[in-house]
Amino acid sequence: DAGTADAGVERWPGSHPATGEDYARMTKVLIANPGADLYGSDRMMLQTVDGLVRSGHRVLVTMPYEGALRAEVERRGASVTVLAAPVLRKGYMSPVGLLRLFRSVLAALRPNTRLLRSERPDVVYVSTITIPLWIVLARVSRIPVVCHVHEAEAEASGVVRRALSAPLLQADKIILNSRFSRSVHV
């Protein structure tokens, strides 16, 4: 009976249906994405979701607001949670901006940490360096973290480039989208 095949099996909504030992071996992946739109890095993240779900992994994507990306993620069989997280923007590059960034980090610490503790993912995949809080929280929570770098701010000052790249030192794995990104961040 299809209705009882999953009885007693806990899984994320929308995740790959599995039972028994197959289910126990599946990796739970939390993907942190900086937006909910359908721009280039968002589409790259969707390809990652496709591959992970097709491989039988349970995937939860977190994004800071509702948008068109949510339906695309769910259509691919992953779950979505909307949770505020600071996204680095050029607007933070002033004393007032840094204060706003600091406040947004403080506001996000507790709910983001709570999500990591309640979901207990096997790995956190951070879809861009513009959301470094996820890298730090995963490391502090002793969860392996992978960061996919899509950006390369070559025209930024050395101080800004080093500040953007610094959280990458906490990542267990780094995926760079190009040799140019590598030349800027490594």
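Each residue takes its place number in the sequence, starting with 1. Quick note: numbers below take in every heavy atom, side chains included, and nothing from hydrogens, waters or symmetry partners.
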Participant: Do you know the tightest heavy-atom contact between P34 and P64?
Facilitator: O-CG, 3.2 Å
Participant: Does any donor atom in the side chain of N33 or S127 lie under 3.5 Å from an acceptor atom in the other side chain?
Facilitator: yes
Participant: Without swapping roles, check the side chain of R139 against the backbone of V145 for a donor-acceptor pair under 3.5 Å.
Facilitator: no
Participant: Under the 3.5 angstrom rule, does the side chain of K28 hit a backbone N or O of E119 as a donor-acceptor pair?
Facilitator: yes
Participant: Using atom types as modelled and distance alone, determine if a side-chain donor or acceptor of S118 lies under 3.5 Å from a backbone N or O of L115.
Facilitator: yes
Participant: Taking all non-hydrogen atoms of both residues, which atom of V49 and which atom of A78 are closest, and how far apart?
Facilitator: CG1-CB, 3.8 Å
Participant: If hydrophobic clusters are built from ILVMFWY residues whose side chains come within less than 4.5 Å, do L38 and M63 share one?
Facilitator: yes
Participant: Using a 4.5 Å cut-off on heavy atoms from C-beta on, say whether the side chain of V73 contacts that of M45.
Facilitator: yes
Participant: Within a 6.0 Å radius of atom OH on Y65, are there more than 12 heavy atoms belonging to other residues, nucleotides or ligands?
Facilitator: yes
Participant: Just wondering, do R70 and E66 contact through their side chains at under 4.5 Å, heavy atoms?
Facilitator: yes
Participant: Minimum heavy-atom separation for P144 and D172, please, with both atom names.
Facilitator: CA-OD2, 3.1 Å
Participant: Salt bridge between D50 and R76, side-chain N to carboxylate O under 4.0 Å?
Facilitator: yes
Participant: Tell me whether L69 shares a hydrophobic cluster with M44, the cluster being built from Ile, Leu, Val, Met, Phe, Trp, Tyr side chains joined at under 4.5 Å.
Facilitator: no
Participant: Output the rest of the hydrophobic cluster of V140: all Ile, Leu, Val, Met, Phe, Trp and Tyr residues reachable through side-chain heavy-atom contacts under 4.5 Å, sorted by chain and number.
Facilitator: V136
Participant: Give me the one residue out of L60, V53, V61, L52 that meets side chain to side chain contact (heavy atoms under 4.5 Å, CB included) with V29.
Facilitator: L52
Participant: Out of curiosity, does I135 fall in the hydrophobic cluster containing L106 (side-chain heavy atoms, cut-off under 4.5 Å, transitive links)?
Facilitator: yes
Participant: Are Y39 and I131 co-members of a hydrophobic cluster defined by side-chain heavy atoms under 4.5 Å apart?
Facilitator: no
Participant: Between the main-chain N or O of A84 and the side-chain N or O of N112, is there a donor-acceptor pair closer than 3.5 Å?
Facilitator: yes
